[in-house]
Amino acid sequence: MMAWEPSKPLVMEEIEVAPPQAHEIRIKIVATGVCHTDLYHLFEGKHKDGFPCVLGHEGAGIVESVGSEVTKFNPGDKVIPLFISQCGQCRFCKSPKTNLCEKGWASERYDVMSESDTRFTCKGKKVLQFMGTSTFSEYTVVNEIAVAKIHPSAPLDKVCLLGCGVATGYGAALNTAKVEPGSTCAVFGLGAVGLAAVMGCKNAGAKRIIAIDINPTKYEKAKVFGATEFVNPKDHNKPISQVLHEMTNGGVDFSLECVGSVAVMRSALESCVKGWGVSVLVGWTDMDDFAARPIQLIAGRTWKGSLFGGFKSKDGVPKLVNEYLEKKVKLDEFVTHNMTLAQVNDAIQLMKTGDCIRSVLSVALQ
Ligand code: NAD
Ligand code: ZN
């Protein structure tokens with residue numbers, strides 16, 4: 001599915017996918033989710049140089065062929081392509097403090113959001129690979145440092161969500177916020193990323209999980225993942241941080257912004273209790289500066305950001321798949337629509353209007 005230019009519907013095209021070169025893997029994509037970051041690039045981002053491209057970065061598939069020097073993958077392996085690589089060699093991979101990898105797409109090109117070193121061509125034109133992955137395609141080619149081999153019995157139409165949204169929100173709560181047992185948490189935005197953050201807070205043992213969204217149809221789902229209270233900013237004529245301070249005797253211990261709005265980021269920080277409150281930015285935006293009063297941080301709050309939930313990708317994703325198979329992590333409950341790749345524009349529309357959590361598109365028969 002081609003994104004020829006910003007803000008236009010995607011178009012089904014015949015794309016040439018070159019064979020994998022040394023250390024590369026050609027993957028037959030079986031299923032892919034649609035994430036808000038795809039919409040961000042198509043409609044909101046300011047980098048028009050990221051086109052034409054093939055969108056999609058939340059997929060799962062099967063190894064079709066491998067390039068030379070690939071020793072750890074074989075045709076037939078079930079895999080998840082990763083938009084955060086893990087080379088294992090760079091100083092970031094060697095540090096337990098971060099999941100950024102120096103050799104990956106995201107360390108340099110996240111502002112443009114497309115990988116220039118692409119294996120795609122269409123009508124003689126070079127086609128960029130979105131987030132280094134491009135899962136809205138029957139085949140894609142990814143370097144082996146950005147591919148996770150997963151359990152052979154994993155259902156690809158569910159575990160694809162671990163390629164982005166669910167891993168992101170879940171890890172933001174567990175790895176980045178480090179939510180503590182008995183704590184009070186607030187999650188802003190109840191798409192798949194926010195709901196996964198709710199699930200992370202619950203699995204970390206949080207006592208109160210306050211779910212915040214301007215779309216009240218999301219609350220029922222949030223309950224399934226462990227939310228205990230619901231707040232609609234539209235029901236209040238005072239700042240949402242004040243509402244949360246009143247509900248919690250001075251603010252929450254942890255807040256997670258899963259919307260991608262600098263105004264909400266500020267509210268999430270200001271909703272935290274002074275002294276030790278931690279607020280994590282998960283929503284994606286690179287358009288505007290954000291603002292806050294310095295006293296918010298001087299008074300002991302911490303502001304952090306989280307990319308892919310802080311998971312080292314090649315290590316973390318197969319473990320998450322196993323946790324799903326052991327029923328420790330929910331995935332099925334995120335899927336509200338099953339469609340085909342040809343219906344991707346409908347799936348994009350559903351996310352725009354807030355009428356879905358995740359649409360999973362089948363790309364090829366399993
Ligand atoms: P989504 O569109 O499904 O969900 C966003 C939710 O936010 C919706 O339910 C919407 O109603 C709600 N919302 C909008 N404005 C709000 C407001 N003012 N207050 C409260 N809620 C509001 O999107 P998603 O796929 O869940 O993604 C969420 C965000 O996470 C996006 O910005 C996406 O780009 C980002 N993201 C970040 C990473 C990362 O690694 N950091 C990875 C994946 C996605
Ligand atoms: Zn995503």
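All residue numbers refer to positions in the sequence shown, counting from 1. For ligands, and for the atoms within them, numbers begin at 1 and follow the listed sequence.
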Within the structure, is a non-hydrogen atom of [X] found at a distance of less than 4.0 Å from ligand 1?
{"X": "Phe308", "result": "yes"}
{"X": "Gly354", "result": "no"}
{"X": "Cys164", "result": "yes"}
{"X": "Gly165", "result": "no"}

**OP:** Please determine if Asp77 and Lys149 form a salt bridge, counting it only when a charged side-chain N lies under 4.0 Å from a carboxylate O.
**Re:** yes

Subject >> Atoms of the protein (N/O/S only) found under 2.8 Å from the Zn ion (ligand 2) >> reply: Cys35 SG, His57 NE2, Cys164 SG

Original post:
Using a heavy-atom cut-off of under 4.0 Å, does the side chain or the backbone of Arg358 touch ligand 1, or both, or neither?
Top reply: side chain

**OP:** Select one of side chain, backbone, both or neither to describe which atoms of Val264 lie under 4.0 Å from any atom of ligand 1, heavy atoms only.
**Re:** side chain

Subject >> Heavy-atom proximity to atom 10 (C) of ligand 1, best of Leu195, Asp213, Leu190 >> reply: Asp213

**OP:** Name the orientation class of the two ring planes belonging to Trp303 and Phe290 (parallel below 30°, tilted from 30 to 60°, perpendicular beyond 60°).
**Re:** parallel

Original post:
What orientation do His41 and Phe51 show, parallel under 30°, tilted 30 to 60°, or perpendicular over 60°?
Top reply: parallel

Subject >> Flag for Asp332-Tyr324: side-chain donor and acceptor within less than 3.5 Å >> reply: yes

Original post:
Out of Val278, Val280, Leu297, which residue meets the side chain to side chain contact (heavy atoms under 4.5 Å, CB included) rule with Thr302?
Top reply: Val278

What side-chain donor-acceptor pairs closer than 3.5 Å can you find for residues 124-137, not counting sequence neighbours?
| residue | atom | partner | partner atom | Å |
| --- | --- | --- | --- | --- |
| Lys126 | NZ | Ser116 | O | 3.2 |
| Gln129 | OE1 | Arg119 | N | 3.2 |
| Gln129 | NE2 | Thr133 | O | 3.4 |
| Gln129 | NE2 | Thr140 | OG1 | 3.3 |
| Gln129 | NE2 | Val141 | O | 3.1 |
| Thr133 | OG1 | Gly56 | O | 3.3 |
| Thr133 | OG1 | Phe130 | O | 3.1 |
| Ser134 | OG | Val54 | O | 2.6 |
| Ser134 | OG | Phe130 | N | 3.1 |
| Thr135 | OG1 | Thr32 | OG1 | 2.9 |
| Thr135 | OG1 | Gly56 | O | 3.3 |
| Thr135 | OG1 | His57 | N | 3.1 |
| Ser137 | OG | Tyr139 | N | 3.4 |
| Ser137 | OG | Tyr139 | O | 2.6 |

Subject >> Those atoms of ligand 1 less than 4.0 Å from some heavy atom in Cys35 >> reply: 43 (C), 44 (C)

Subject >> Subset of ligand 1 atoms that lie under 4.0 Å from at least one heavy atom of Ala192 >> reply: 26 (O)

**OP:** Quick one: do Glu333 and Lys221 satisfy salt bridge (charged side-chain N to carboxylate O under 4.0 Å, His left out)? Show the steps, please.
**Re:** CA-CA 8 Å; Glu333 292 78 357; Lys221 255 309 186 227; over 6 Å; no

